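Naming convention: chains lettered A, B, ... in sequence-line order (proteins, then strands); numbering from 1 in each chain. Quantities reported herein were computed from a predicted structural model and do not represent experimental measurements. Any value given below was found using the heavy atoms of this structure, including those in side chains, with hydrogens, waters and symmetry copies removed.
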There are 2 protein chains.
Amino acid sequence: MPEDTAPADLTTMRFSRAREAQAMAVLEDYAEMIDDLARQMGEARITDIAARMGVTHPTATKAVARLKREGLAVSRPYRGVFLTELGTELAARVRMRHRVVVDLLIAVGVPAETAEIDAEGLEHHVSEATLRAFEAYLAQRG
Amino acid sequence: MPEDTAPADLTTMRFSRAREAQAMAVLEDYAEMIDDLARQMGEARITDIAARMGVTHPTATKAVARLKREGLAVSRPYRGVFLTELGTELAARVRMRHRVVVDLLIAVGVPAETAEIDAEGLEHHVSEATLRAFEAYLAQRG
DNA sequence: ACAGAAGTGTAGCCAAGGCTACACCTTGCA
DNA sequence: TGCAAGGTGTAGCCTTGGCTACACTTCTGT
């Protein structure tokens, strides 16, 4: 067995982490989207969420069901979706992280439009430690 | 309807892109892993692939089946898995991109270990344009 | 006020990527 | 050499996140 190159356990852990991050990604995206819609329109409607996410409304309904299950949102039939305090906090963290990631990409020379697009996928895999490093870099470069 | 903030179509496109990238991620990870194992041990065995990826062997078998379906790998029952030319090219691109992403993270101040962990998830969402920007940044920075 | 339009819920399908359990093939060693 | 151990295949289950089709509710405008 080749324990020669690099501890297989560490490699394994990296992949596990990436899979966990992916599981959170949908929750994060929806929470942020609902928060956006609430700010812009007073409430988040299923149809609007679906349209913005680029999915059909049953898909959005399922995602919202999961948010509710996780205690991040509440809703009543045929009424809008609202974030709980927990959900609002998550949305705030996600929004902040998104901005930092976009800013960092731009700072190292990525075109603004590309930065926005790539950040959407990237951000979910940026750990706290990396986020702090990004902030420090941006501050110092200022 | 609030078409006021930002074209909803662009937002939608960002999420679609992120979902597409995610669909490729597993293929990319397995291709690179198989390539690694082939270099280190001469061939990639299902059990070794599974162990490195941190999954059970049936999960690895399914992933390999998908690689074969996509023309990226070949295998015969009870024998190792081998990448096709296409698969090898993919693995090379993935490896190169991984290295660039890790280097960039380190360059902006992310601790090396953290950079390795985060890169595993991040890399799949780094577009060609962003990758070129990263390379340019690293080259210029020396 | 009520009918049609628009929005929402729900059922049921699919593929992917996890898992466990179990069957089968290969290999190595006593 | 033959059998136990270990590697591999396969069946079947779960969840997630897509979808379409269809039923039902709400809203709107004449």
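The overall bend of the helix from C:dA1-D:dT30 to C:dA30-D:dT1, read as the angle between its terminal helix axes built from five base pairs each, is 0° when rounded to 10 degrees.
Applying the salt bridge (charged side-chain N to carboxylate O under 4.0 Å, His left out) rule to pairs touching residues 109-127 of chain A yields A:Glu116-B:Arg14, A:Glu120-B:Arg14, sequence neighbours excluded.
In terms of the side chain to side chain contact (heavy atoms under 4.5 Å, CB included) criterion, residue partners of B:Thr59 (sequence neighbours excluded) are, by chain and number, B:Tyr30, B:Val55, B:Thr56. Scored by the ring-ring contact (aromatic ring centres under 6.0 Å, His included) test, A:His124 finds no partners at all (sequence neighbours excluded). Listed by chain and residue number, A:Asp35 satisfy the side-chain hydrogen bond (donor to acceptor under 3.5 Å, both in side chains) test with A:Arg39 (two or more places apart in sequence, or in another chain).
If you measure from atom OH of A:Tyr78 to atom P of D:dT28, you get 16 Å, rounded to the nearest angstrom. Following rounding to the nearest Å, B:Arg76 (CZ) and C:dC24 (C1') show an atom-to-atom distance of 17 Å. Protein atom CD1 of B:Ile46 is 13 Å distant from nucleotide atom P of D:dG7, rounded to whole Å. Atom CE in A:Met53 sits roughly 11 Å away from atom C1' in D:dG17 (whole-Å rounding). B:Arg52 places its CZ atom 15 Å from the P atom of D:dG7, with the value rounded to the nearest Å. In this structure, B:Asp48 places its CG atom 12 Å from C1' of D:dG6, rounding to the nearest Å.
Residue A:Ala50 comes nearest to A:Ala60 through the heavy atom pair CB-CB, 3.8 Å, listed as atom of the first residue, atom of the second, then distance.
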Contacts under 3.5 Å, N or O only, protein and nucleotides 15-21 of chain C:
from, atom 1, to, atom 2, distance (Å)
C:dA16, OP1, B:Arg69, NH1, 3.2
C:dG17, OP1, B:Arg66, NH1, 3.0
C:dG17, OP2, B:Arg66, NH1, 2.6
C:dG17, N7, B:Lys62, NZ, 3.4
C:dG18, O6, B:Lys62, NZ, 2.5
C:dC19, OP2, B:Thr56, N, 2.8
C:dC19, OP2, B:Thr56, OG1, 2.8
C:dC19, OP2, B:Thr59, OG1, 3.0

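Taking side-chain N and O atoms only, A:Thr47 has a distance below 4.0 Å to OP1 or OP2 of C:dT8. Not one side-chain nitrogen or oxygen of A:Arg79 sits closer than 4.0 Å to the OP1 or OP2 atom of C:dT8.
Side-chain N or O atoms of A:Thr84 include one that pairs as donor or acceptor with a backbone N or O of A:Leu72 at under 3.5 Å. Under the 3.5 Å distance criterion, the side-chain polar atoms of B:Thr130 are left unmatched by any main-chain donor or acceptor of B:Val126. Remark: side-chain polar atoms of B:Arg141 are paired, donor with acceptor, to backbone N or O of B:Ala107 under 3.5 angstrom. No donor-acceptor pair under 3.5 Å is formed between the side chain of B:Thr12 and the backbone N or O of A:Met53.
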